[in-house]
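Ligands are counted one by one from 1 in listed order, and the atoms in each one are counted from 1 as well. Atom set for the values below is all heavy atoms of this structure, side chains included, hydrogens, waters and symmetry mates excluded. This structure is a prediction, so every number in the text was calculated from the model and none was measured.
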Amino acid sequence: MKLTVLGCWGGFSYRDSGTTAFLLESDDFHLLIDCGSGALVSLEHYVDPRALDAVILSHYHHDHIADLGVLQYYRQLFPTEQKIPILKIYGHQEDAQHFTDLSLPEVSVGVAYDPKKELTIGPFSIKFLKTVHPVVCYALKITEVATGKVFTFTGDTGYFPELADFVKGSELLLADTYLFKGHEKHHAHLTSVEAGEISKVAGVSKLVLTHLPQVGDLTQLQQEAQTAAGSETLVVLAQKDLQIII
Ligand SMILES: [Zn+2]
Ligand SMILES: [Zn+2]
């Protein structure tokens, strides 16, 4: 499977690139993971937004859903001969208003995932773990069924010990790393050190830092995570248009 970073800033867009959004592809199936600010224009470089097969959302903070409305309008308003399939947008049902907004008649339908059950979307199988965050948010552990390859996206989260167990078995961890060393045990986000330590405990070979802070030296953030992760894990910074084969 191929993961493309469409946006990776935390909180707000900055310097020509947007907030959390990733395109995951396998077998000509296109899954959008979160749909932050700028996601739609970034997505266009890789796949026609009318050909997107599904969307899955970790949670409903603006920096993860800002472009959902314009994605719906793109598919609603684009003049086309062929009927565009109704887009399935998977989200949790623990926020009724936001869940309702996923559905637009003839355009998209909100599909509630049950976090206690494994979910199949196209070629992927997905497990969920509730994270530590001011609103309900889920980490996603995604398996490409045909190959058995696995990666985990933390969503937004502060540190909690069960996260490393959940990540075990993944080759790659895509981790919310909004904070530098020294701010551990935060109520909403991981620090560089915590992201590195989770990778080490979980035994992942690659850690990608995302949900990046706009202020501070990102090379330092990467080095702090690398030191905590140890030599068995390669730590890289997410950036727009980064592509990773998993
Ligand atoms: Zn966020
Ligand atoms: Zn959030």
Apex the Zn ion (ligand 2) - arms OD2 from Asp156 and NE2 from His59 - angle rounded to 10°: 90°
Does the separation of the ring centres of [X] and [Y] fall below 6.0 angstrom?
X      : Y      : result
Tyr138 : Tyr113 : yes
His59  : His98  : no
Tyr60  : His92  : yes
His133 : His186 : no

Metal proximity, His61 vs the Zn ion (ligand 1), N/O/S cut-off 2.8 Å: no
Minimum-distance atom from the Zn ion (ligand 1) among N, O or S atoms of His64: NE2
The Zn ion (ligand 2) to nearest N/O/S of Asp63 less than 2.8 Å: no
